[in-house]
> 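One structure coming up, written as C-alpha cells, with questions to follow.
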Amino acid sequence: MSQFETTRWSLVYAARSDDPAAAADALAGLCGIYRPAVMAYVRRYCGNLSDAEDLTQSFFERLLAKRIDLVADPNRGRFRQFLRAAIGNFVRNHFDSVSAQRHWENSDALDAQASSESPEAAFELAWALTVLERALAMLAQEASMAGKSGLFAEVREFLLDPAAHLDFVALGARLQLRPNTVAVNVHRLKARMRELVRAAVADTLSDPNELPSELRELRRVKANR
C-alpha cells in the first residue's frame with residue numbers, strides 16, 4: 001500500500017534529525033504542504049494578494065527560525081489546530097505592532113470574498129482541500145503505475161462528488177466500457193481514496209481515537225464549501 005511521501009507529524013519527527021540538511025528539508029516540506037491553508041487565513045486580513053504573500057512568507061520564515069520541530073509536539077494533539085493557532089497568533093501580533101498598523105491602513109480595501117468568510121473558516125476549507133488534493137495526487141500516481149491513467153483522468157471528477165447512472169452511461173460510451181464496469185471502477189477508486197484520506201488525517205493526530213471526529217470535520221467543511 002502506498003504511503004504519502006510527506007506527511008504531518010512524521011515531518012515534525014523528521015525535522016528532529018541530527019542531519020541539519022535533512023531537518024531543513026523536512027521543515028521546508030511541512031511548510032510547503034500547508035502554505036495554501038495559511039495563505040487562505042492571511043487573505044482574510046490583507047487587502048491585496050501581494051501583502052498576503054509577504055505576510056505568509058514571513059510567517060513561515062519565523063516558524064522555521066523558531067524550529068517548529070521543537071515547538072510542535074505530537075503529544076499536544078491535532079496538527080491542524082496547532083498550525084491554525086500558530087498563524088492566528090502571528091497575524092494578531094503583526095497587526096498589534098504600530099508600524100504594521102500604519103502599513104495596513106494604507107492597503108487596498110478587503111475584497112468581497114475576503115470579508116465574507118472568517119479566517120478560521122478559510123483556513124479549514126483550504127486545509128480540507130489540501131488533504132483531498134494530495135489523496136487524489138497519490139491515487140493518480142497509483143493509477144499510472146497500474147497503467148490506468150486514462151481511466152483515472154475520466155473518472156476523477158466523480159471521486160469527490162456523487163455520480164448519476166447517466167454519467168456512467170456517457171462515460172462508458174467514451175471508454176467503450178459497460179456502465180456497470182465504469183461504476184465498479186469508480187467505487188473501487190473511491191474506496192481507495194477514503195483509505196488515503198484516512199491515512200493523511202491520521203498522521204496529523206497524536207490520539208487515534210480522534211480520527212472519526214477529524215474526518216467528520218473534514219466532511220462538514222467539504223459539504224459547506
Side-chain angles (χ1 to χ4, degrees), residues 1-12 28-44 52 56 60 74 77-87 113-114 116-146 148-164 167-168 171 182-208 210-225:
M1 182 178 295
S2 300
Q3 299 292 330
F4 283 89
E5 294 179 0
T6 52
T7 49
R8 274 59 49 176
W9 287 129
S10 59
L11 272 177
V12 173
L30 190 66
C31 294
I33 292 170
Y34 292 111
R35 183 180 179 86
V38 170
M39 182 71 168
Y41 189 103
V42 173
R43 280 290 286 143
R44 304 286 80 78
T56 298
F60 281 119
R78 309 178 188 193
F79 185 78
R80 173 176 60 86
Q81 294 176 338
F82 162 78
L83 191 62
R84 189 182 63 194
I87 183 57
Q113 180 180 0
S116 65
E117 187 178 33
S118 73
E120 292 75 16
F123 178 95
E124 296 296 350
L125 176 57
W127 176 282
L129 293 178
T130 294
V131 171
L132 295 174
E133 286 299 324
R134 284 174 57 75
L136 282 172
M138 178 59 71
L139 202 55
Q141 181 181 342
E142 293 180 354
S144 177
M145 294 175 63
K148 296 183 177 181
S149 294
L151 175 64
F152 178 83
E154 291 285 354
V155 304
R156 186 184 188 279
E157 64 179 295
F158 302 125
L159 300 181
L160 296 179
D161 298 304
D167 293 323
F168 295 143
L171 187 53
V182 176
V184 168
N185 277 281
V186 170
H187 175 76
R188 289 174 177 170
L189 286 170
K190 279 189 171 183
R192 179 60 180 143
M193 176 82 175
R194 286 193 293 270
E195 290 178 356
L196 292 170
V197 169
R198 286 177 64 88
V201 174
D203 197 55
T204 70
L205 307 174
S206 58
D207 182 358
E210 294 179 333
L211 181 58
S213 64
E214 198 74 346
L215 289 171
R216 284 195 298 272
E217 177 65 12
L218 188 149
R219 287 192 293 268
R220 182 194 66 79
V221 171
K222 176 179 175 295
N224 293 332
R225 64 176 175 170

> Atom CZ of Arg35 and atom OG1 of Thr130: how far apart are they, to the nearest 0.5 Å?
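Output value for this atom pair is 12.5 Å.
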
> Can you find a heavy atom in the side chain of Met193 that is under 4.5 Å from one in the side chain of Leu132?
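SC-SC contact between Met193 and Leu132 confirmed.
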
> side-chain hydrogen bond (donor to acceptor under 3.5 Å, both in side chains) with Glu154: which residues, sequence neighbours excluded?
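Partners of Glu154 under the side-chain hydrogen bond (donor to acceptor under 3.5 Å, both in side chains) test: Arg174.
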
> Check whether any side-chain heavy atom of Leu139 lies under 4.5 Å from a side-chain heavy atom of Glu142, and answer yes or no.
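Contact flag for Leu139/Glu142 side chains = yes.
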
> Just jot down the salt bridge (charged side-chain N to carboxylate O under 4.0 Å, His left out) partners of Lys148, sequence neighbours excluded, or say none.
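For Lys148, no residue satisfies salt bridge (charged side-chain N to carboxylate O under 4.0 Å, His left out) once neighbours in sequence are set aside.
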
> Could you walk me through whether Phe123 and Arg80 satisfy the side-chain contact (heavy atoms from CB on, under 4.5 Å) test, starting with their C-alpha distance in whole Å, then the side-chain angles of each, then the deciding distance to 0.1 Å, before giving a yes or no?
CA-CA 9 Å; Phe123 178 95; Arg80 173 176 60 86; 4.1 Å; yes

> When you compare the side chain of Val197 with that of Leu215, does any pair of heavy atoms fall below 4.5 Å?
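They are in side-chain contact.
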
> How far does CZ of Arg194 sit from CG of Leu189, to the nearest 0.5 angstrom?
11.0 Å

> Please find the pair of heavy atoms, one from Ala202 and one from Leu211, that lie closest to each other, and give the distance.
N-CD1, 3.9 Å

> List in chain and number order the residues that pass side-chain hydrogen bond (donor to acceptor under 3.5 Å, both in side chains) with Glu133, two or more places apart in sequence or in another chain; answer none if no residue qualifies.
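With sequence neighbours excluded, Glu133 shows a side-chain hydrogen bond (donor to acceptor under 3.5 Å, both in side chains) to Arg156, given in chain and number order.
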
> Using the test side-chain contact (heavy atoms from CB on, under 4.5 Å), find all partners of Arg188 that sit at least two apart in sequence or belong to another chain.
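With sequence neighbours excluded, Arg188 shows a side-chain contact (heavy atoms from CB on, under 4.5 Å) to Val184, given in chain and number order.
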
> Which residues pass the side-chain hydrogen bond (donor to acceptor under 3.5 Å, both in side chains) test with Arg220, not counting sequence neighbours?
Glu217

> Measure across Tyr41 and Ala122 and return the closest heavy-atom pair with its distance rounded to 0.1 Å.
N-CB, 4.5 Å

> Listed by chain and number, what are the side-chain contact (heavy atoms from CB on, under 4.5 Å) partners of Ser144, not counting sequence neighbours?
Ser149

> Is there a donor-acceptor pair closer than 3.5 Å between any side-chain N or O of Lys222 and the backbone N or O of Leu160?
yes

> Under a 4.0 Å N-O cut-off, is there an ion pair linking Arg192 with Glu195?
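Yes, Arg192 and Glu195 are salt-bridged.
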
> Which atoms form the tightest heavy-atom contact between Leu218 and Ala128, and what is the distance?
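Nearest pair, atom of Leu218 first, then Ala128: CG-CB, 4.2 Å.
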
> Do Trp127 and Val221 have side chains that approach each other closer than 4.5 Å (heavy atoms only, starting at C-beta)?
no

> I want to check something: taking the side chain as every heavy atom from C-beta on, are Phe152 and Leu159 in contact at a cut-off of under 4.5 Å?
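Yes; the side chains approach each other to less than 4.5 Å.
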
> Quick one: closest heavy-atom pair of Ala126 and Ala37, and the distance?
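Closest pair (atom of Ala126, atom of Ala37, distance): CB-CA, 3.4 Å.
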
> Could you measure the distance from the CD atom of Gln81 to the CD atom of Glu124? Nearest 0.5 Å is fine.
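It comes to 8.0 Å.
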
> Working to the nearest 0.5 Å, report the span between CD1 of Ile87 and OG1 of Thr56.
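Output value for this atom pair is 6.0 Å.
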
